[in-house]
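All remarks here apply to the structure that follows.
The basis for the numbers below is simple: all heavy atoms, side chains too, and nothing from hydrogens, waters or symmetry mates. Given the structure is predicted, the values throughout are model-derived calculations rather than measurements.
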Amino acid sequence: MKSRSQDQSLTDSRELDRSYDPLTGNPPSKPSKRTIKQRFLKLLPCCRSGSNPSVTQRSVADDSELSTVCYRPEGIDRLVQQTNFSKKELQVLYRGFKNECPSGAVNEETFKNIYSQFFPQGDSSMYAHFLFEAFDTQNNGAVNFEDFVISLSIILRGSVTDKLNWAFNLYDLNKDGCITREEMTDIMHSIYDMMGKYTYPSMKDSAPKDHVDSFFQKMDRNNDGVVTIEEFLETCQKDDNIMQSMHMFDNVI
C-alpha cells in the first residue's frame, strides 16, 4: 500500500465518517471501494503502518519478500485447504501476525486497541467487542492465527453466502440462531458510538432506532419479532445494494 500525505489522510478520515454498513443501512452515504479497502488493510496486523512496511508496500507474490518468511506455522497445508489463501499468502500473513502478536494470539484488549485507531472521533470499544467475538470462533477469549485467517478468508474471498452467514453470526450476539430487536439495537448503538457525535452529515439521536426499525421491516418476513438466517439470506440476496457490498473486498490481498 502506498503512503499518503497528511492532507490525503484527513480527506480519507472525513470520508470514513460517512461510511456505512449496507446490511443495516447505516448511515446514508457510502465511501469509495478504495477507501474501505485501505481501512480494512490497516486493520490487518501484517499491513498496519509501523509494523512491517516492507510487507505493506509489496505484493504477497513478491519473491524477495517471501524468501524472508522462514517460519511455516504447523498445519499450513490444512489452512490452505480451509481458506482461499495460497501457502505463500499464509506465510506472509503469519509473519505479520507474529510480529504484532509474539504470543501467537490476540486478546480482546489488544484487538480493541488496534480497532480504536481507525475511529478516534468515537468510542469503538463495543463494536470491537462484537467483532472480536465473531473472530473468536473457539470462544476462549483469544484470536489465534487460525481463527484470524479463516474469518479473513470468508470476509475477503468467501462466497456471497459465506459472507452473509458470517455477517449474521456477527449480529446474532448470543449465537442462538436468530437476531432479536435488542441485539440489533445494541449493534446499531455500538456503530453510532464508534462513528462519534461529530460526523457529517450529523445524525439524529433517533437514528439507531430508525435503522433497527428499517432492518426489521425489511428482514422480518413473518413479523414474529426475530430474524432467522433463512430470512436474512433471502432478503439480502434480493437486495442489489447488499449484493454489491458483498464484493467490496474482492481481491484486496
According to side-chain hydrogen bond (donor to acceptor under 3.5 Å, both in side chains), who are the partners of [X], at least two apart in sequence or on a separate chain?
X    : value
Q237 : none
K238 : E234
D147 : T137, Q138
E230 : T228

I'd like to know whether F97 forms a side chain to side chain contact (heavy atoms under 4.5 Å, CB included) with V106, so could you lay out the CA-CA distance, the side-chain angles of the two residues, the decisive distance to 0.1 Å, and finally the verdict.
CA-CA 9 Å; F97 190 90; V106 182; 3.9 Å; yes
Stepwise side chain to side chain contact (heavy atoms under 4.5 Å, CB included) check, L93 with F145
CA-CA 9 Å; L93 286 169; F145 181 67; 4.0 Å; yes
Just verifying a value: how many Å separate [X] [atom1] and [Y] [atom2], rounded to the nearest 0.5 Å?
X    : Y    : atom1 : atom2 : answer
N169 : F130 : CG    : CZ    : 13.0 Å
H189 : I187 : NE2   : CD1   : 11.5 Å
M188 : S214 : CE    : OG    : 9.5 Å
F215 : M184 : CZ    : CE    : 3.5 Å

Side-chain heavy atoms of R181 within contact of D213, under 4.5 Å:
yes
Check this for me: does any side-chain nitrogen of one of E89 and R157 sit under 4.0 Å from a carboxylate oxygen of the other?
yes
Using a strict cut-off of less than 4.0 Å between a Lys/Arg side-chain nitrogen and an Asp/Glu carboxylate oxygen, indicate whether K218 and D239 qualify as a salt bridge.
yes
Exercise: identify the closest heavy-atom pair between L164 and I242
CD2-CG2, 4.3 Å
Would you name the heavy atoms of F168 and G177 that are closest together and state the gap between them?
CZ-O, 3.6 Å
Side chain to side chain contact (heavy atoms under 4.5 Å, CB included) partners for [X], two or more places apart:
X    : value
Q82  : R78, L79, I150
N174 : D172, D176, E183
D210 : S206
S159 : T161, D162

Given side chain to side chain contact (heavy atoms under 4.5 Å, CB included), test R221 with E231 step by step and report yes or no.
CA-CA 7 Å; R221 308 301 292 272; E231 289 174 320; 3.8 Å; yes
Taking the ring centre of each residue, are W166 and F135 less than 6.0 Å apart?
yes
Please, which pairs that meet salt bridge (Lys or Arg N to Asp or Glu O under 4.0 Å) have at least one residue in residues 104-132, sequence neighbours excluded?
E108-K112
Under 3.5 Å, is there a donor on one side chain and an acceptor on the other for T110 and N107?
yes
Sequence-distant partners of F216, ring-ring contact (aromatic ring centres under 6.0 Å, His included), two or more places apart:
none
